[in-house]
Novice: 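Here it is, the structure, as structure tokens.
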There are 2 protein chains.
Amino acid sequence: MVTQTRQSQRRRQVLSRERIVEAAVELLDTEGEGALTVRALSERLSTGSGAIYHHVGNMGELLQAATGTVVAGALPPLRAPAGSPQTPESTGSPEDAIRAVALGLFDAAAEHPWLAAQLAAQLTRSPWGAVTPRIFESIGRQVRALDVPRRDWFATTSTLVHYILGATAQNAQTPDRTGDGALPGSADERSEFLDAASRAWRDLDPDDYPFLHEIADQMREHEDREQFLAGIGLILTGITAGRPSGPPGDHHGAG
Amino acid sequence: MVTQTRQSQRRRQVLSRERIVEAAVELLDTEGEGALTVRALSERLSTGSGAIYHHVGNMGELLQAATGTVVAGALPPLRAPAGSPQTPESTGSPEDAIRAVALGLFDAAAEHPWLAAQLAAQLTRSPWGAVTPRIFESIGRQVRALDVPRRDWFATTSTLVHYILGATAQNAQTPDRTGDGALPGSADERSEFLDAASRAWRDLDPDDYPFLHEIADQMREHEDREQFLAGIGLILTGITAGRPSGPPGDHHGAG
DNA sequence: ACCTGAACACCGTTCAAGT
DNA sequence: ACCTGAACACCGTTCAAGT
């Protein structure tokens, strides 16, 4: 029996910050980055533009909140869920946990094409806002678990975070919509993009850009995720190679 | 024939793409990111807004050009200057050359506070536009010189570039102008910023953010450049540790 | 060809007025 | 307290009209 609907969902739920942020994410996902305007948002929520400002302050705060919720959903929970003694990522090796966190962000950026630009913007505009600490904490815990000397915790974690955000920002990209062929976000579109980029490298003056000419093919054929993980692996190798008590005969960094 | 028209600098030079880009950089440097508008630009150039569009297409292209010129000035020349057989950076070790390129960008971002955001935006919006290839070439040449196996050239270079851009984006930042005390860009301002960020970390719930609580002090006291270089060092260690040949003496990249 | 500058179609944000 | 929506002060971009 459906007649017992107390909250009349038919008309309109009460406006709330949560509902606004949720609608913003939907708008960004479905209509793209440029479609998030106060007007579009208030129309979708069947309210006036001014109503938005009763809950969110301004546009930048809204974007930050939208980014924050998506990022939070892409990372492991900060606390162990009630009942389980450990957080999920603490069961495997720290290396694997770092890879999992990194891939979580990477995949989220692939799913939400606007996310990469927002992560980058947040990095520069208000680095210590809401999302950077979240990422920093998730990575840092694993760095600590890697036997990195305490004095290197911040530098090591920063290196990983900077790489992850930089790589995520670049990889989740497709060309400026020209309305060509493939579906947005499809593998086809990505491969068209890489094709075009590879051609662009080959069109550069070979005297100025000899290296780009040499790796234009490699660039076209690379797998995004695989290469992203290769970068993580490189940094992890650097971290463990530099640790104090390693395998016999190993050297340690003399900072 | 036109008889020696000496450019009368008093009145107004002919409008050109170059002059517009130059004026844009000045505007960004002196008035900040939000001050670059077509109207402000055309006023500074004593021309009409429409004139701008005869030379630059649109705002995004202008920002890209501005970023491009600053980046080009911050990196070593692509070709050796006439007369010298080598590019300057090829005299030392590849590691040092990589550090020099990275620091060039890092310092440019410190000098031009708007640059970091633009680099990040360019990374995401049109990754293969004008500036990314430039950086890629400069780093990639040195990667090749490091005896990295050919098949890893692209992945290795990408890792370095992503880290450099991510770290540059974050480090060159100061808080959202609150008109507080210190001079913009000064060491004082940076230290005020780190102070505030450190406090923000300490204000987070310690049950959710135990790691951030542990390194809040380290974060406040870190030196930007030093830490940036530590990250480069970590990656370089990962690169050289992963190289194929073990025996000291001769190792050449195999096919 | 190059430039002018009013006009257009948007923005984010505010605020008196409503409930 | 919460919401409305017209109004304000901006944007980027266009384009008939000038030189």
Side-chain angles (χ1 to χ4, degrees), chain A residues 7-25 27-28 31-67 114 117-118 121-122 125-126 129 176-178, chain B residues 1-2 5 7-25 27-28 31-67 114 117-118 121-122 125-126 176-178:
Chain A
Q7 296 261 10
S8 71
Q9 219 181 7
R10 325 184 313 96
R11 196 65 180 159
R12 194 200 319 138
Q13 283 178 251
V14 183
L15 203 57
S16 69
R17 188 185 162 95
E18 245 179 19
R19 255 177 65 75
I20 292 172
V21 172
E22 185 192 347
V25 171
L27 208 47
L28 287 165
E31 314 275 336
E33 210 171 340
L36 179 61
T37 68
V38 176
R39 279 166 181 81
L41 199 56
S42 57
E43 191 191 1
R44 181 179 269 250
L45 292 164
S46 1
T47 183
S49 26
I52 306 287
Y53 290 89
H54 271 269
H55 296 91
V56 278
N58 58 43
M59 199 68 212
E61 193 185 314
L62 178 56
L63 269 163
Q64 198 159 326
T67 306
W114 51 275
Q118 275 313 306
Q122 232 127 109
R125 241 175 287 271
S126 55
D176 295 331
R177 292 285 135 86
T178 44
Chain B
M1 295 298 260
V2 184
T5 55
Q7 309 245 3
S8 68
Q9 222 179 1
R10 326 187 312 99
R11 195 66 178 158
R12 192 198 324 134
Q13 282 178 252
V14 184
L15 203 55
S16 69
R17 189 185 160 94
E18 244 180 19
R19 254 177 65 73
I20 292 171
V21 172
E22 183 192 350
V25 171
L27 208 45
L28 287 164
E31 314 275 336
E33 210 171 340
L36 179 60
T37 68
V38 176
R39 279 166 180 81
L41 199 56
S42 57
E43 192 190 1
R44 182 179 269 250
L45 291 164
S46 1
T47 182
S49 23
I52 307 286
Y53 290 89
H54 272 270
H55 297 91
V56 279
N58 59 42
M59 200 66 214
E61 194 184 314
L62 177 56
L63 268 163
Q64 198 159 326
T67 307
W114 52 274
Q118 275 313 305
Q122 232 127 108
R125 244 174 285 271
S126 56
D176 296 330
R177 293 284 136 86
T178 44

Novice: List for me each residue that meets side-chain contact (heavy atoms from CB on, under 4.5 Å) alongside Leu63(B), sequence neighbours excluded, and say none if there are none.
Specialist: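 Expected list: Leu28(B), Leu36(B), Gln118(B).
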Novice: I'd like to compare against my own output: the B/S/- annotation of nucleotides 12-19 of chain D with a strict under-4.0 Å heavy-atom distance to protein.
Specialist: BBBB----
Novice: Let me know the distance between CG of Leu41(B) and P of dC11(D), rounded to the nearest Å.
Specialist: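 In whole Å, dC11(D) P lies 12 Å from Leu41(B) CG.
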Novice: Go through the structure and list residues passing side-chain contact (heavy atoms from CB on, under 4.5 Å) with Glu43(A), not counting sequence neighbours.
Specialist: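 Scan of Glu43(A) (side-chain contact (heavy atoms from CB on, under 4.5 Å), adjacent residues dropped) gives none.
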Novice: Which distance, rounded to the nearest 0.5 Å, do you find between the CD1 of Ile52(A) and the CG of Asn58(A)?
Specialist: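 If I round to the nearest 0.5 Å, the distance is 12.5 Å.
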Novice: Could you tell me how far apart Arg17(A) (CZ) and dC3(D) (P) are, to the nearest whole angstrom?
Specialist: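 Roughly 14 Å, once rounded to whole Å.
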Novice: Determine: side-chain N/O of His55(B) to OP1/OP2 of dC3(C), distance under 4.0 Å, yes or no.
Specialist: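 So the side chain of His55(B) is within the cut-off, an N or O lying under 4.0 Å from OP1 or OP2 of dC3(C).
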Novice: Does Glu33(B) have any salt bridge (Lys or Arg N to Asp or Glu O under 4.0 Å) partners at least two apart in sequence or in another chain, and if so, which?
Specialist: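 Only Arg125(A) meet the salt bridge (Lys or Arg N to Asp or Glu O under 4.0 Å) criterion with Glu33(B).
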Novice: Output all residues satisfying side-chain contact (heavy atoms from CB on, under 4.5 Å) with Ala40(A), sequence neighbours left out; order by chain, then residue number.
Specialist: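 Here the qualifying residues are Leu27(A), Thr37(A).
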Novice: Taking atom P of dG5(C) as reference, at what distance in whole Å does atom CG of Leu15(B) sit?
Specialist: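 Distance, rounded to whole Å: 13 Å.
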Novice: Return the set of residues passing side chain to side chain donor-acceptor pair (under 3.5 Å) with Glu61(B) (not counting sequence neighbours), or none when no residue passes.
Specialist: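 Counting only residues at least two positions away or on another chain, Glu61(B) forms a side chain to side chain donor-acceptor pair (under 3.5 Å) with Arg17(B).
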Novice: Should stems be defined as at least three consecutive Watson-Crick or G-U pairs with both distances under 3.5 angstrom, which of them involve DNA chain C?
Specialist: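 Runs of three or more consecutive pairs: C:4-8 with D:12-16, C:12-16 with D:4-8.
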Novice: First locate atom CG of Leu41(A), then atom CZ of Arg19(A), and finally report the distance between them rounded to the nearest 0.5 Å.
Specialist: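 The distance works out to 10.0 Å.
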Novice: Could you work out, with salt bridge (Lys or Arg N to Asp or Glu O under 4.0 Å) as the rule, every residue matching Arg39(A), not counting sequence neighbours?
Specialist: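 Arg39(A): no salt bridge (Lys or Arg N to Asp or Glu O under 4.0 Å) contacts found.
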Novice: Please report, rounded to the nearest Å, how far the P atom of dC2(D) is from the CD1 atom of Ile20(A).
Specialist: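 Atom-to-atom, Ile20(A) to dC2(D), this comes out as 12 Å.
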Novice: Mind calculating the distance between CD (Glu43(A)) and P (dC10(C)) to the nearest angstrom?
Specialist: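 My rounded result for the distance is 13 Å.
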